[in-house]
Amino acid sequence: MNGLGSLALYLVVVVAIVGFIMVLTHLLGERHSQRGTAVPYESGIFPTGSARIRFPSDFYLVAMFFVVFDVAAVYLFAWAVAARELGWAGYAAILVFSLETIAGLAYLWKMGAFDWGARRKREHLERHGY
Amino acid sequence: MNPVLFAIALVFGILFFAAFVIWIERRFLALVQERYGPNRVGPLGLVQVIADIIKILTKENWIPPFADKGVFVIAPMIIMVTVLASFAVIPLGPGIVASDLDVGLLFFLAMSSLAVYSVALAGWASNSKFALLGGIRAVGQMVSYEVFMGISLLGVVLQTGSFSLVAIIEAQRRLWFCVPQFVGFVVFFIAGLAETRRIPFDLPEAESELVAGYHTEYSGFKFAMFYLGEYVGITLISSMIVVLFFGGWLGPWLPPFLWFVVKTLFFVVVFVLIRGSLPRPRYDQLIGFGWKLMFPLALANLVATGGIVLALAR
């Protein structure tokens with residue numbers, strides 16, 4: 001069995017089975033409603049405030065690194081599959097590219113981008129001045 | 001064989017295997033912790049998981065009134081669909097594959113990337129603080145380990161010259177890739193642990209601080225989807241390790257399919273034993289470990305492999 005047609009068929013089967021199970025459990029399951037049913041679980045105490053809390057911006061940084069370095073990885077994928085045909089010229093290009101990627105990583109590291117929390121960033125700033 | 005029947009058989013085969021993996025985990029963890037584990041239902045407790053699934057099917061399909069309802073329902077389905085879909089490209093034996101794509105490896109990576117949406121959406125849609133914190137951690141971790149998971153496999157692609165998993169297995173007739181690509185294997189194994197959110201990478205659901213992380217508000221079969229999805233994910237990563245680094249179905253004496261199952265089971269047990277023996281680091285240490293050590297290591301492995309392959313090709 002080969003190609004995209006069989007893949008599409010397989011995906012349809014997977015989605016159908018998962019959907020079927022969800023419908024089945026919806027029909028078989030009980031229904032109940034009690035005093036604590038509609039309250040978010042916070043280890044037994046009543047929740048205060050919204051759950052739309054602010055979270056550390058470091059996670060945003062991680063997401064940005066992902067975008068930057070995953071796009072870099074796309075070029076590596078394209079090279080890896082054709083490395084033999086491209087020969088040493090292609091290798092030289094990818095070597096320079098990898099070194100630049102690592103240089104970018106080293107710069108981020110030195111900037112303290114992988115150090116989490118405001119306190120450590122402030123200490124870093126005081127020690128290094130950037 | 002009729003492709004529709006084959007697809008249905010494959011999906012249910014994987015689900016039963018995942019149920020068996022749950023049994024392995026519960027029994028082996030019990031051994032590690034000096035207790036018995038489930039041993040009442042059926043011989044050696046083998047039917048326990050089936051009983052659990054039937055029971056959980058009849059539980060309430062509860063959607064919290066405070067949740068973002070549509071997204072809340074879709075999130076657990078995403079993880080199930082993506083991990084099951086990845087099996088489409090994995091050859092279980094010569095000719096036993098749902099779809100022998102030329103870009104099978106890329107398809108696997110794409111599906112494992114999509115799984116991030118599941119935990120992110122579950123954490124957000126639950127509208128609960130524990131769930132949100134777990135979801136954010138999960139995204140940070142999976143996104144970090146995503147990058148070098150792909151790069152660690154490029155050494156294999158380089159040596160084979162193809163993204164097709166069947167071609168990769170055929171290229172290992174003389175020597176399994178775990179020898180020349182040992183660094184790639186180690187990096188991929190660690191990334192695989194992180195992608196399946198297993199100990200020591202289970203911070204998104206660290207039960208001592210976050211209750212159950214992103215699936216705190218889930219119950220009934222929607223919770224079971226996350227739970228089963230985790231074990232299907234372990235099976236998936238184990239079989240990818242076998243396909244990419246340990247020669248897939250290749251092996252003497254036994255039939256090819258049996259070899260594949262035996263090798264996969266070996267790595268499943270390794271996953272379980274790791275859970276029984278390792279503690280859990282802090283999440284900033286974990287993400288830092290990925291970027292500072294694993295990413296440069298995977299890149300260095302790729303560049304070195306490229307040089308050696310080209311030098312030998314002359």
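Chain identifiers are assigned alphabetically (A, B, ...) following the order of the sequence lines, protein sequences preceding nucleic acid strands; residue numbering begins at 1 within each chain.
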**OP:** Step through the shown structure and confirm whether more than 12 heavy atoms of other residues, nucleotides or ligands are within 6.0 Å of OH on B:Tyr117.
**Re:**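 Check fails, neighbour count at 12 or below.
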In terms of heavy-atom proximity below 4.5 Å to chain A, should [X] be classed as side chain, backbone, both, or neither?
X	result
B:Gln285	neither
B:Leu132	side chain
B:Ser128	both
B:Leu228	neither
B:Ile78	neither
B:Phe12	side chain
B:Pro64	neither
B:Leu84	both
B:Ile8	both
B:Leu153	neither

State, with a plain yes or no, whether a side-chain heavy atom of [X] is found less than 4.5 Å away from one of [Y].
X	Y	answer
A:Ser98	B:Leu302	no
A:Val62	B:Val139	no
A:Arg52	B:Trp124	yes

Which one, [options], leads in non-hydrogen pairs under 4.5 Å with chain A?
options	value
B:Leu10, B:Ile56, B:Val73, B:Thr305	B:Leu10
B:Ser162, B:Gly307, B:Ala85	B:Gly307
B:Phe221, B:Phe163, B:Phe66	B:Phe66
B:Leu299, B:Ile136, B:Val89, B:Thr216	B:Ile136
B:Leu106, B:Leu105, B:Leu15, B:Asn127	B:Asn127

Any idea which of [options] has the most non-hydrogen atom pairs under 4.5 angstrom with chain B?
options	result
A:Trp79, A:Phe65, A:Phe77	A:Phe77
A:Leu11, A:Leu95, A:Ile21, A:Val15	A:Ile21
A:Ile94, A:Leu86, A:Val18	A:Val18
A:Val81, A:Val14, A:Leu76	A:Val81
A:Ile102, A:Thr101, A:Leu28	A:Leu28
A:Leu108, A:Leu9, A:Val12	A:Leu9

Subject >> Nearest heavy atoms of B:Leu310 and A:Gly87, plus distance in Å >> reply: CD1-O, 3.5 Å
Original post:
If you look at every heavy atom in B:Met225 and A:Met22, which pair is closest and at what distance?
Top reply: CE-SD, 3.5 Å
**OP:** For the residue pair A:Phe69 and B:Trp291, categorise the inter-ring angle as parallel (less than 30°), tilted (30 to 60°) or perpendicular (more than 60°).
**Re:** tilted
**OP:** Let me know which of A:Val68, A:Val67, A:Asp70, A:Val71 forms a side chain to side chain contact (heavy atoms under 4.5 Å, CB included) with B:Val147.
**Re:**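 Running side chain to side chain contact (heavy atoms under 4.5 Å, CB included) over A:Val68, A:Val67, A:Asp70, A:Val71 with B:Val147 returns exactly one hit, A:Asp70.
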**OP:** Look up atom CG in A:Leu24 and atom OG1 in B:Thr58, then write down how far apart they are to the nearest 0.5 Å.
**Re:** 10.0 Å
Original post:
What part of A:Ile17 lies closer than 4.5 angstrom to a heavy atom of chain B: side chain, backbone, both or neither?
Top reply: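 The side chain, not the backbone.
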**OP:** Go through the atoms of A:Val13 and report whether side chain, backbone, both or neither lie under 4.5 Å from a heavy atom of chain B.
**Re:** side chain
Subject >> Donor-acceptor contact present, side-chain A:Tyr10 to main-chain B:Val11, <3.5 Å >> reply: no
**OP:** Without swapping roles, check the side chain of A:Thr25 against the backbone of B:Leu57 for a donor-acceptor pair under 3.5 Å.
**Re:**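 Flag set: sc A:Thr25 to bb B:Leu57 pair under 3.5 Å.
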